[in-house]
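Written below as C-alpha cells is the structure these notes are about.
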2 protein chains.
Amino acid sequence: MQSRRGAGALVGAGFADLDMQATRTTDLDGNDKVGTICRALRRAIIEQALEPGAKLPEDALGERFGVSRTIARHALGQLAAQGLVELRRNRIAVVATPSWQEARAAFDIRIELERLVVRQLAGNLSRAQIAELKAHVDAEEAARAGPDAVSIRLATEFHILLASMTNSPILIRYVSEVAYRCCLTLSLYSRPHSSECAINEHRAIIDALAAGKADDVIALMHTHLDSVASRALLSPAKPRERDLLEILAPYAADESGAGKVRRKADLNGGASE
Amino acid sequence: MQSRRGAGALVGAGFADLDMQATRTTDLDGNDKVGTICRALRRAIIEQALEPGAKLPEDALGERFGVSRTIARHALGQLAAQGLVELRRNRIAVVATPSWQEARAAFDIRIELERLVVRQLAGNLSRAQIAELKAHVDAEEAARAGPDAVSIRLATEFHILLASMTNSPILIRYVSEVAYRCCLTLSLYSRPHSSECAINEHRAIIDALAAGKADDVIALMHTHLDSVASRALLSPAKPRERDLLEILAPYAADESGAGKVRRKADLNGGASE
DNA sequence: GGCATCAGCCTTGCATGCAGTTTGGTTTAT
DNA sequence: ATAAACCAAACTGCATGCAAGGCTGATGCC
C-alpha cells in the first residue's frame, strides 16, 4: 500500500465506472497504462466528476488505477500538455481552471480549426460516415433524458467524430484537444446545459455536409460554435467556485449589515479582467 | 554509469552547445529538468542537428543530460505530445517524420492560428513591442551569414514571438507547437532554405501591424505562410531519407557497379548512429 | 487573544533495479 | 549457400526507495 492520506481526495469523485473503459477518442494517448489513465481522467473531467481545481495526487491516482506513481505522474504530464491539468512544481496537480479569457480564446481557436474540418469534409463524406454521424446525434437525442454530463460529453464527441473523418492526424488531435478544453470550461462558466438547440444544429450541419454546400456548412458551424460559446460564456465571469477570495468577498465586510448582498463580484465580473 | 550501447547514438548529433541553454520559447515546458531536456531536444530538432527518424534512446538522453532514464522518458513523452517525437511501444523513440499530407495540414492549421494572432495584434502593439519585433528581424538578417539552421529557427521564432504578444496562453501554445512542427517538416521536404524573402515579408507584416490595418496584416500573413508552405512543400514528395525502399530502388538492380558509394552507413547511420 | 515560528507529515522529484520485449548477429539445419 | 532458429545484448515498461520541498497544525511569544 502506498497511499498516505490523499487517497480520499479522489475516492468520492465518481471513478467507479470509468476505470478501464478507455474507449476510443482517437489516439491522443497511447495504448498503454498511461493512456488508460489519461482517458479515464479526461472523461472524468469533461463529465464534471472532477471539477476544475480538484486535486490529483499521484499517490491516489496510482492506487486507484493499480499502477505506480511513476505512471500516474506520466499521465498527469500528458494531460497537462493537453491543458486539462495544471502542474506546479512540488505541488499537487489540479484539474485546470482556465480563466474566462482563456476559455474565450479556446473557442476562437476551435472555431477556426473546425472551419478547416468542415471545409474539407463538405461533400466528401461517404454514406456510411453520414450514417455514423446521424447515429451519434441520435445518441445525443437519447441522452437528453440522462444526466447533463453525458449530454455535454456527447456533444463534444460529435465534433471530435467529425474531425476524425478528416484523416488528418494533426487536425484530429488539435480539434480533440481544444474541444475537450472548451468542454472543461463549460463546467466552469456555463449555466445548466440546454442541449436541444445544439442537437438541431448538429443535424443541420450533417445535412449541409451531405449536400456538399461548403460555404453553408462553414457558416453553420461558425454560428453553432459561436452560440455554444455565447451560451457558455455569456457572463464574462461567473466563477462557480473558482476564486475563493472573490466568492467570499461579499461576505467579508458585512459584520453589521447582515442581510445585504454586496455585489463585489462586479469587480472582476464586469471588467472581465 | 547506465549506458549500454546506445550512448553513441546521440554523441555525434551536435549537442555540445545546447545542453543547458534552455532559453525561453514560452512555457511549453516546465522549468525543471524535463523542460530543459525538452527545449534542448526541440532546438536540436528544429536546427536539424537531429533529423527526422533519428533515434532517441532513453539511456543515451539520460546520460547526455546527466539525469536518469525516468526524466528522459518523461521529456520524450512531452515532445511526443507536441508531435516532435514518435513513441512506439517497446521501441526506441525517434524524431517525428511527418508525411507530406501531415505537413500540409500543419501549415493549414498554422495559417488559421496565425490569422487569429495578427487579427488580435493589428493596431494593438506598443512601441516597445514593435521595436522588439524589428530587433528580431534584424537578428534574422544578421543570421543570414551563418548556417541555414539558425536562420530557419529564427524565422520560426519570429512567429512565436508574435504569438507571445497576444498574452493568450492557449494561442501561444498552439502556435508554438504547430510552428515547430512546420519547422520540422522543412528539414524533410524543403530545398536549401532561402530566407531573404521571408525576412522582407516579416518586415512588411510588422509595418502593417504597426499601421493597424488588420485586413492587410491578415492578408500579408496568409500569403507569407502560404509561400513558405509552397516553397517547402512544392514537390508533393521529396523524401530525403524517409523511405528506405524508395532510396534504394535505384541501387536495387546494379550489383555490377561496385565502385559506387558504400551506402551502408547511410542506411541508419545518416540519421542517428 | 492574536500572530509569528516551527516541527512533522504529506507529497513531489528523481534515481535505481528488475522483468519483459525487441534487435541483430550467429548458429544450425536443409 | 540459404533460410530458419536462436541467443545475448540493448532497450523499454514499470515499481520502489530515498531525499527534498511544501502544507498543517501546534507551540511559543507579544
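Reminder, nothing fancy here: chain letters follow the sequence lines and each chain counts from 1. What you see below is based on every heavy atom in this structure, not just the backbone, and it leaves out hydrogens, waters and symmetry mates.
Looking at heavy atoms from C-beta onward, A/I46 lies out of side-chain contact with A/T156 at the 4.5 angstrom threshold.
Checking A/L76 against A/T70, the closest nucleotide of DNA chain C that is more toward the 5' end is the one next to A/L76.
Side-chain N/O atoms of A/R89 and base N/O atoms of D/dG22 include no donor-acceptor pair closer than 3.5 Å.
Here the C1' atom of nucleotide D/dG13 and the CD1 atom of B/I92 are 14 Å apart, to the nearest Å. Atom pair B/E58:CD and C/dC14:P shows a separation of 16 Å (rounding to whole Å applied). D/dC11 atom C1' lies 13 Å from atom CG of B/L61, rounded to whole Å. In this structure, CG of B/N90 is placed 5 Å from C1' of C/dT21, rounded to the nearest angstrom. Taking atom CG of A/D59 as the reference point, atom C1' of C/dG13 lies 13 Å away to the nearest angstrom. Atom NZ of B/K33 is separated from atom C1' of D/dA19 by 12 Å (rounded to the nearest Å). Spacing between atom CG of A/D32 and atom P of C/dT21 amounts to 15 Å, rounded to whole angstrom units. In this structure, A/R69 atom CZ and C/dT12 atom C1' are separated by 6 Å, rounded to whole Å.
In terms of modelled atom types and a separation under 3.5 Å, the side chain of A/H136 and the main chain of A/L154 share a donor-acceptor contact. Side chain of A/R73 to main chain of A/G62: no donor-acceptor pair is present (N/O by atom type, distance under 3.5 Å, no hydrogens or angles). When atom types are taken as modelled, the side chain of B/E47 and the backbone of B/R153 share no donor-acceptor pair closer than 3.5 angstrom.
Here the side chain of B/R73 is nearest to one of C/dA15, D/dA15, D/dT12, namely D/dT12. Distance from the side chain of B/I71 is smallest to C/dA15 among C/dA15, D/dG17, D/dA15.
Between B/R91 and D/dG13 there is no side-chain N or O to OP1 or OP2 distance below 4.0 Å.
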